[in-house]
Structure formats: C-alpha cells, structure tokens
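Working notes for the structure below.
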Amino acid sequence: MNAVLKDLSTIRPMSEHDLNPVIAVEQAIYPFPWSLGNFRDSLSAGYSCWIYESGPDLVGYAVMMVAAGEAHLLNLGIAREWQRRGMGRQFMHHLLKVAHDYHAAIMLLEVRPSNTAARRLYHSLGFCDLATRRKYYPAEHGREDAIMMAIHL
Ligand SMILES: CC(C)(COP(=O)(O)OP(=O)(O)OC[C@H]1O[C@@H](n2cnc3c(N)ncnc32)[C@H](O)[C@@H]1OP(=O)(O)O)[C@@H](O)C(=O)NCCC(=O)NCCS
C-alpha cells in the first residue's frame, strides 16, 4: 500500500508567542527588516496577523490591515528554505479570502521595483500596478521607490 503523506501545513492567527521565530525569519529574508516593535504594534492594533506553519516549522507570516472597505497587506514573508514551493501563493489565497470575508473591496500593497519574485507573484494573482510612491523604502544607497499594487476583490 502506498504511504499516505499528510499535509501538515496550517495557517492560523499570530500571537505574541510567535514573535521570536517571526523576527528571526524577518531578519534573514529582508535587508531592511521590521523591528519586533513593528510586529508587536500590529498585534496590539488588532491587524490581521497570520502564521503559516508546517508541523513545527515556521513557513511564513503576514500582516494585513483591513479597514473602511480596504485591505492593506503590510508584510508577507516566507522563510528562505520554504521559498519557491508555492507557499507564498497559497498564503496569498488565504489573505485574499480573509479580506473578502471582511467585505474589503480592494487589497493594496507596496513592493520594491527590485523585488522581482514578489511582483511576479502578485501579478500572477491578478494585482495591477496602481502608482509609484517616491523614495518610500530605505535602500543601500539612499531610498528606493515603492510600486503600489491593487486587486479588486
Ligand atoms: C516573495 C515571496 C513571498 C514569494 O514566496 P514563495 O513562496 O517563494 O513564492 P511561490 O513559490 O508561491 O511562487 C509564486 C510565484 O512567485 C514568483 N516567484 C517566486 N519566487 C521567485 C523568484 N525567486 N524569482 C522569480 N519569480 C519568483 C513566480 O511567479 C512564482 O510562480 P511560479 O512558481 O509558477 O513561477 C518570498 O520570496 C519572500 O518571502 N521573499 C522575501 C520577502 C518579500 O520580498 N516579501 C514580499 C514583500 S512585498
């Protein structure tokens, strides 16, 4: 008989207990990471904060603000060893469903023009480029623009 492989991955709300592993991944995948305080503030503010895990492993995390009919994706990270395995896409489907369930009409996000991986992911999900925010991000030499992307839900 073939062995049955169980899918151990789950997506659940983030809590304070998750912050140490989250910040470890954040620091490993971003050149300009969020601080612990940024995540703590997001939890205290009641933002929609999520953990994606597989068994005991942290696959990724996301922070989204939903208010006044708009969902704004503030952070999405997939741990380096889990990247390019479809997890980011899977996570985005979850976040789009959450935003839809909150009756948001649109989801917005900012992304660096240099972040080809993320831009491809968002475009493939149906996001389009909406506007450019000049000098939005810190960068190695000065600042980098952000592309604001949007999808109607
Ligand atoms: C961007 C990120 C979330 C993508 O997550 P992921 O799990 O690796 O992505 P997936 O495996 O689900 O890939 C989905 C699509 O994204 C694109 N993509 C992902 N990684 C890519 C890469 N390294 N190069 C080019 N395209 C890539 C592809 O279009 C891919 O579809 P395909 O596999 O059919 O070609 C992940 O790379 C990450 O956490 N990066 C660091 C943090 C970050 O940039 N977050 C987003 C900030 S806006």
Side-chain angles (χ1 to χ4, degrees), residues 5-15 18-43 45 47-67 70-100 102 104 106-153:
L5 290 176
K6 273 196 183 162
D7 181 2
L8 295 174
S9 52
T10 39
I11 298 176
R12 61 164 176 82
M14 187 189 291
S15 79
D18 298 307
L19 292 185
N20 284 338
V22 163
I23 200 78
V25 171
E26 172 82 7
Q27 288 174 352
I29 62 171
Y30 280 109
F32 297 92
W34 273 23
S35 67
L36 195 57
N38 292 142
F39 285 101
R40 221 171 244 146
D41 290 349
S42 298
L43 284 173
Y47 293 170
S48 187
C49 303
W50 297 93
I51 291 291
Y52 195 169
E53 59 194 359
S54 178
D57 297 335
L58 176 63
V59 171
Y61 51 86
V63 176
M64 183 167 68
M65 185 174 67
V66 193
E70 279 186 13
H72 198 143
L73 183 59
L74 302 176
N75 198 334
L76 168 72
I78 298 291
R80 203 172 299 285
E81 59 274 27
W82 287 94
Q83 289 180 8
R84 293 243 72 172
R85 291 161 73 171
M87 306 310 236
R89 185 183 298 284
Q90 216 35 55
F91 210 176
M92 281 301 298
H93 283 303
H94 169 79
L95 297 166
L96 288 164
K97 181 175 182 314
V98 170
H100 184 261
Y102 273 110
I106 191 169
M107 188 189 285
L108 301 162
L109 59 85
E110 282 87 18
V111 61
R112 288 178 190 260
S114 60
N115 193 345
T116 310
R119 290 179 66 195
R120 283 209 183 136
L121 166 62
Y122 302 139
H123 276 138
S124 75
L125 289 164
F127 280 80
C128 55
D129 296 357
L130 196 66
T132 301
R133 289 185 186 271
R134 297 266 168 236
K135 302 183 176 173
Y136 185 78
Y137 291 114
E140 207 170 320
H141 303 289
R143 313 273 305 174
E144 182 175 0
D145 292 346
I147 298 174
M148 179 170 247
M149 301 182 76
I151 188 171
H152 290 278
L153 303 170

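Numbering of ligands and ligand atoms starts at 1, following listing order.
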Look at atom 1 (C) of ligand 1 and say whether a protein heavy atom is found at less than 4.0 angstrom from it.
yes
With a 4.0 Å cut-off on heavy atoms, is Thr116 touching ligand 1?
no
Contact atoms of ligand 1, heavy-atom distance to Asn115 under 4.0 Å
43 (C), 44 (O), 46 (C), 47 (C)
With Gln27 as reference, evaluate Val25, Ile23, Ile29 under the side chain to side chain contact (heavy atoms under 4.5 Å, CB included) test and give the passing residue.
Ile23
Can you name the one residue among Leu125, Val98, Ile11 that meets side chain to side chain contact (heavy atoms under 4.5 Å, CB included) with His93?
Leu125
Atom CD of Glu140: over 12 foreign heavy atoms under 6.0 Å:
no
Taking only heavy atoms of Arg85 into account, list the atoms of ligand 1 that are under 4.0 Å away from them.
11 (O)
Nearest option to atom 30 (C) of ligand 1, as decided by whichever heavy atom of Glu26, Arg120, Arg84 sits closest
Arg84
Those atoms of ligand 1 less than 4.0 Å from some heavy atom in Ala118:
1 (C), 46 (C)
With nothing but distance in play, are any N or O atoms of Tyr30 less than 3.5 Å from an N or O of ligand 1?
yes
List the closest protein heavy-atom neighbour of atom 7 (O) of ligand 1: residue, atom name, distance to the nearest 0.1 Å.
Gly88 N, 2.7 Å
Closest to atom 34 (O) of ligand 1 (judged by heavy-atom distance), picking from Glu110, Arg89, His123:
Arg89
Is the side chain of Asp129 donor-acceptor paired with the backbone N or O of Met149 at a distance under 3.5 Å, no angle test?
no
For Phe91, does the CZ atom sit with more than 12 other heavy atoms under 6.0 Å from it, leaving out its own atoms?
yes
Do other residues, nucleotides or ligands put more than 12 heavy atoms under 6.0 Å from the NE2 atom of His100?
no
Hey, is the main chain of Asn38 close enough, under 3.5 Å, to the side chain of Asp41 for a donor-acceptor pair?
no
Residues, nucleotides or ligands: over 12 heavy atoms within 6.0 Å of Arg120 CZ
no
Contact between Tyr122 and ligand 1, counting heavy atoms under 4.0 Å?
yes
Does ligand 1 have a heavy atom under 4.0 Å from the side chain of Phe91, from its backbone, from both, or from neither?
neither
So, for atom 44 (O) of ligand 1, does the protein have a heavy atom nearer than 4.0 Å?
yes
Taking atom 16 (O) of ligand 1 as the reference point, the nearest protein heavy atom with its distance
Leu121 CB, 3.3 Å
Kindly identify the option in Val25, Val59, Ile78 whose heavy atom sits closest to atom 39 (O) of ligand 1.
Ile78
The protein heavy atom nearest to atom 17 (C) of ligand 1 is Ala117 O, 3.5 Å
Give me the residue, atom name and distance of the protein heavy atom closest to atom 40 (N) of ligand 1.
Gln83 NE2, 3.6 Å
Applying ring pair (Phe, Tyr, Trp, His ring centres under 6.0 Å) as the test, list every pair that has at least one member in residues 126-153; sequence neighbours left out.
Tyr122-Phe127
Can you list the ligand 1 atoms lying under 4.0 Å from a non-hydrogen atom of Gly86?
10 (P), 11 (O), 12 (O)
Check each atom of ligand 1 against the heavy atoms of Gly77 and keep those under 4.0 Å away; list them by number with element.
39 (O)
Do any N or O atoms from the side chain of Glu144 and from the backbone of Ala139 form a donor-acceptor pair under 3.5 angstrom?
no
Can any side-chain N or O of Arg80 pair as donor or acceptor with the backbone N or O of Ala28 at less than 3.5 Å?
yes
